[in-house]
**Student:** 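Before I ask anything, here is the structure I am working with.
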Amino acid sequence: MSLQIQTLPPAAEGLVPFRWRERRRSDMALVVAEEEQLDSEILDGLVRRDPAVLGVAYDRYSRPLYSLAYKMLRNDRECEEVVQDTFVSLWKKGNTVDLSRGKLFSWLAAVLRNRCIDRVRAQGRRIPGPPGVEAGPAREVATAETAADLVYGRERAARVREAMGRLPEKQSEMIELAFFGGLTHSEIAERVGESLGTVKSRIRYGLAKLKAALAGEEVADG
Amino acid sequence: MGEAALEAEVRALFDCADGDPHAEVAEMVDAFSAFALADVPVREPRSGLRAEVMAAATGVGVRGRPAPAAGVASFARSARLPWTLAAGFALAAGLALLSWDAERSRAGRLEGEVARLAERAEASDLRVRELASQVDQSFKAFIVWDDSRGTGVLKVENLPALGEGGDYQLWVVSEGYENPLDGGVFDTEGGKAEMRIVTRDTSSAPASAGGVTLFAISREREGGVPISETKDFVLTAAY
């Protein structure tokens, strides 16, 4: 009954449970259960109006949210504003978040995404593409770590990336336009030159494959 | 955006029928988020943003004193005495460390590690604190602490294993909390242990420990206790 010194699994970064030494490190289901438990504890704390719990949520999710905002806005000042707005929303509306309707991070990401899209549309801009020379002084971490690694852990994030890599380019483009562009199915259909039905089915099918990857299931090609 | 509005948007986005179960919609939402994040490089927010976000959201400073959670036992006045004594000892030990002989500091491996970490930490938000013992001066421990994030790492040496029935428990005394925060339990192997510190309050809810004033390690029953009533701390350090 002694502490085994080991590097914590990437999935556990930031959410080490009190009795973490008892965990089975390769058990993805357990990691997911711990994530859900911590999210649940955060929401309970928000209901109690405990400011410290908001701090826990910030520590856990601010980096991936900020990274996501930067992908969409490419401006640190604006990123700070939307991240702040997102956590203010969580503080005000955390008691309405229902984890049966999605993970806490998904709620935060949806709020942040909408804030970003509002800003982009208000300024008549387009969501930028991959980082380029316009990105300004980079604070990106030099490693290949991604925002998905921070939220889902390396193993699951790698599965998602692998599944994404298998998506046909057009399917991936459609999902990207839906999330980052905030386009409706009709707008996407017009943009990519496909029928509305094709766009709907491809987005759903593509996300179903990502959902399976996230859950640790085998993802079939096609 | 309210929850209903969010779900309405998601249903429209994924062309979900009204009859589709919540769970299915939720999974699509999660997959959508995962897709969005998958290839996004990590970009660090400015370290001061946390305090600004906390103030904007809650209207109080980061280190505001939250009310204890309902149902949690209050920290009895009589129970404060050991902590006060521990803080007094830790402060005295800290002052003594200031006059430590540099040669002695370099002599031990752990001390050397502390010195190297302290040097590196000077350029960051991290702080390195060495814990001192009234019980046995051969007990060694240090904590690398990030006060802006309320997390850290504990490393100990020369601390005897407690074995079955007992655990060491780390306590973090923070300005923002009525009771000392539980920093986790551990036992040693070959006198050594290393633990990532994640603080919890007395209701075992996650707690963000800002404004730390004291670290202390106690011997407790296996698995730890919500509130320590020990009078003999094994190791302490003032922040």
**Student:** To the nearest 0.5 Å, tell me how far A:Trp91 CH2 sits from B:Met54 CE.
**Tutor:**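 Between A:Trp91 CH2 and B:Met54 CE, I get 7.5 Å after rounding to 0.5 Å.
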
**Student:** Can you see which heavy atom on A:Arg161 is nearest to which on B:Ala38, and at what distance?
**Tutor:**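 Smallest interatomic distance, heavy atoms only, reads NH1-O, 3.0 Å.
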
**Student:** Look up atom CZ in B:Arg43 and atom CZ in A:Arg74, then write down how far apart they are to the nearest 0.5 Å.
**Tutor:**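 Going from CZ on B:Arg43 over to CZ on A:Arg74, the span is 8.5 Å.
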
**Student:** Give, as side chain, backbone, both or neither, the part of A:Val160 having an atom under 4.5 angstrom from any heavy atom of chain B.
**Tutor:**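 Contact with chain B: side chain only.
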
**Student:** Where is the tightest heavy-atom contact between B:Ala34 and A:Tyr152, given as atom of each residue plus distance?
**Tutor:**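 Minimum heavy-atom contact is N-OH, 3.4 Å.
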
**Student:** Can a donor-acceptor pair be found, under 3.5 Å and without considering hydrogens, that links the side chain of A:Thr146 to the backbone of B:Val40?
**Tutor:**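 A pair under 3.5 Å: no.
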
**Student:** Identify which part of A:Thr86 has an atom lying under 4.5 Å from any heavy atom of chain B, answering side chain, backbone, both or neither.
**Tutor:**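 Neither part.
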
**Student:** With a sphere of 6.0 Å drawn around NZ of A:Lys170, does it hold more than 12 non-hydrogen atoms of other residues, nucleotides or ligands?
**Tutor:**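 It does: A:Lys170 NZ has more than 12 such atoms within range.
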
**Student:** Relative to the ring of A:Phe180, is the ring of B:Phe35 parallel (under 30°), tilted (30 to 60°) or perpendicular (over 60°)?
**Tutor:**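 Judged by the thresholds at 30° and 60°, the geometry between B:Phe35 and A:Phe180 is tilted.
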
**Student:** Is there a side-chain contact between A:Asp59 and B:Arg50, using heavy atoms and a 4.5 Å cut-off?
**Tutor:**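 Yes, at least one pair of side-chain atoms sits under 4.5 Å.
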
**Student:** Nearest 0.5 Å please: distance from the CD atom of A:Gln84 over to the CG atom of B:Leu49.
**Tutor:**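 If I round to the nearest 0.5 Å, the distance is 6.5 Å.
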
**Student:** Any heavy-atom pair between the side chains of A:Leu68 and B:Leu37 that's under 4.5 Å?
**Tutor:**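 Side chain of B:Leu37 against side chain of A:Leu68, heavy atoms only: contact under 4.5 Å found.
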
**Student:** Which residue out of A:Asp44, A:Leu90, A:Ile175, A:Val83 racks up the most heavy-atom pairs below 4.5 Å with chain B?
**Tutor:**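 Winner by heavy-atom pair count: A:Ile175.
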
**Student:** Please report the interatomic distance CG(A:Leu65) to OG(B:Ser33), rounded to the nearest 0.5 Å.
**Tutor:**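 Between A:Leu65 CG and B:Ser33 OG, I get 9.5 Å after rounding to 0.5 Å.
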
**Student:** Apply the test side-chain contact (heavy atoms from CB on, under 4.5 Å) to residues A:Arg63 and B:Val42: give CA-CA distance (whole Å), side-chain angles for both, the deciding distance (0.1 Å), then the verdict.
**Tutor:** CA-CA 7 Å; A:Arg63 294 173 72 208; B:Val42 173; 3.7 Å; yes

**Student:** Using non-hydrogen atoms and a 4.5 Å limit, figure out which bit of A:Tyr58 sits close to chain B: side chain, backbone, both or neither.
**Tutor:**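 For A:Tyr58, the side chain is the part near chain B, not the backbone.
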
**Student:** Tell me, side chain or backbone of A:Ala109 under 4.5 Å from chain B's heavy atoms, or both, or neither?
**Tutor:**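 Side chain only.
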
